[in-house]
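Everything below concerns the one structure shown next.
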Amino acid sequence: MKIEFYRHNIGPRERKNIHQVLNSIFITTADETRKFELAFSQYLRVRHTLAVSSCTAALHLCLLALGIEEGDEVITTPLTFVATANSIIHAGARPVLVDVEPGTGLIDPVQIEKNITRRTKAIMPVHLFGVMCDMKSIRRIADKHRLKIIEDSAHCIEGRRDGIRPGQLSDAACFSFYATKNITCGEGGAVSTNNPRLAEKLNILRLHGIDKDAYSRYTKGYKHWDMKILGWKYNISDILSCLLLPQLERIEELWKRRSSLYDYYIRSLQGIAGIDFLEIPPRTRSAYHLFTILINNRDRAIQYLQNRGVSVAINYVPIHLLTYYRKNFGYTKGSFPNAERIGSKVLSIPFYPKINNQERKFVVESIKKFLTT
Ligand SMILES: *Cc1c(COP(=O)(O)O)cnc(C)c1O
C-alpha cells in the first residue's frame with residue numbers, strides 16, 4: 001500500500017479549460033484570471049480579489065501597499081510556514097514572533113498585545129490548518145493601536161469564525177493555490193480586500209508599477225503608459241488560473257468530503273493513549289485543510305508510517321528554531337514554549353477527498369499499530 005500525502009482534484013473541466021487557453025492568443029493574465037477573481041470575491045463575500053503568482057507574493061504586496069517598510073515591526077506566529085515571516089523580511093520590516101494558544105496552536109491575542117511597540121505597524125495572523133484565528137479580538141487590538149491586519153489565509157478559504165470569513169475583518173487576506181492546497185493550480189495565490197483603494201494599489205504593484213496592465217495595453221490597442229511607483233512581477237498566467245474556477249465551483253462539495261474524513265479520523269483515533277488533537281474553537285467552521293495530530297515519539301512515528309507506505313508531513317517545525325531565524329533574530333529553544341510543545345508533536349496525515357475507505361482505514365490502523373508496538 002502506498003498512500004500519497006496529497007492528491008489534487010484536477011479533472012476534465014480543468015483540462016478542457018487549459019486547451020481553450022492554449023488555443024487563444026493571449027496566454028498571460030486575461031479573461032480566465034478575471035473570471036476567477038470575480039467568483040472568488042463572491043464566494044468570500046469580499047469586494048475585490050487580485051490573483052497573483054503565489055501567496056508569498058500576495059503577502060509581500062499587501063505589506064508594500066499598506067506602507068510597511070524598513071524599521072517597522074509586524075507581529076506574527078512562529079507556528080507557520082516560513083513564507084509568512086519571510087514576506088515581512090522581503091518588505092524590509094522585522095517579523096516579531098509571539099507565542100500561540102496552547103489548545104488551538106493559533107496566534108494568541110494576549111501575546112500580540114503584549115508585544116506591541118512604537119514600531120509595530122501590522123499583525124499577520126495565520127489561520128492554521130483551516131481554523132481561523134480570533135479575528136474579533138485581533139480587530140479590537142488593531143483598532144486600539146492603529147495597526148493593519150494582513151491574514152495569511154493559505155489554509156483557509158472555506159473557514160468561518162463568529163460569522164466572519166477571511167478578508168472581512170482585516171485589511172486584506174492572502175490565499176495560496178500551491179500544489180497541496182485545497183484548490184490548486186500548481187503555483188498561484190490571491191489577495192482579497194474590501195478596500196477599493198488598496199485593491200487599486202495592489203493591481204498596479206503586481207505588474208511592475210505601471211498604470212495599465214498588459215492585457216488592456218494590447219486588447220484595447222496601444223496606449224502610452226507611465227510608471228509612477230516601483231512594482232513587482234507577480235501576476236498570474238491564464239494557463240494556471242483557468243484551473244481554479246472549476247475547483248471553486250466544487251469547493252463546498254470537496255469541503256464536505258474532507259469534513260466527513262475529519263469526523264472519521266477523530267472517531268477512530270480519539271481516546272487512544274499517545275495521541276491528542278488541536279482544538280477547534282466554538283462557533284468555528286474549519287476549512288479542513290490539514291489533518292494534524294499531536295503524537296508522542298513523533299520522529300519515530302514518521303519513520304514507522306513512511307515504512308508502511310503512509311506519507312506524512314510536519315506542519316510545522318516552529319520557524320524561530322530554523323537557523324536563519326535563530327541567527328538573525330536571536331531566538332532560541334524556549335522562546336515560545338507553546339509553539340515548541342506543539343511543534344515537537346505535530347504530524348499531518350493524508351487528508352483529501354480522493355482517499356478511499358480502504359486507505360483511510362489503513363492510515364488509522366498504521367497509527368494504532370505504531371502506538372502499541
Ligand atoms: C503554502 C503556504 C504559504 C505560501 O504559499 P505559496 O503560494 O507557496 O507562496 C504561506 N503561508 C502558509 C501558512 C502556507 O501554508
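Worth saying up front: this structure is predicted, and the values here are computed from it rather than measured. Counting convention: from 1, in listed order, for ligands and their atoms alike. Count residues from 1 along the sequence.
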Is it true that the NZ or CZ of R250 lies under 6.0 Å from the centre of W255's six-membered ring and within 45 degrees of the ring axis?
-> no

Exactly which residues line ligand 1, taking a heavy atom under 4.0 Å from it as the test?
-> S54, C55, T56, T80, F81, A83, T84, V126, D152, A154, H155, S176, Y178, K181, G188, Y316

Would you say the side chain of D152 lies within less than 4.5 Å of the side chain of P125, judging by non-hydrogen atoms?
-> no

Would you say the side-chain atoms of K368 and S268 include a donor-acceptor pair closer than 3.5 Å?
-> no

Go through the side-chain N and O atoms of K345 and N296 and say whether any donor and acceptor fall under 3.5 Å apart.
-> yes

Test the R360-Y264 pair against the cation-pi criterion, namely NZ or CZ under 6.0 angstrom from the six-membered ring centroid and within 45° of the ring axis.
-> yes

Test side-chain hydrogen bond (donor to acceptor under 3.5 Å, both in side chains) applied to R94 - qualifying residues, sequence neighbours left out = none

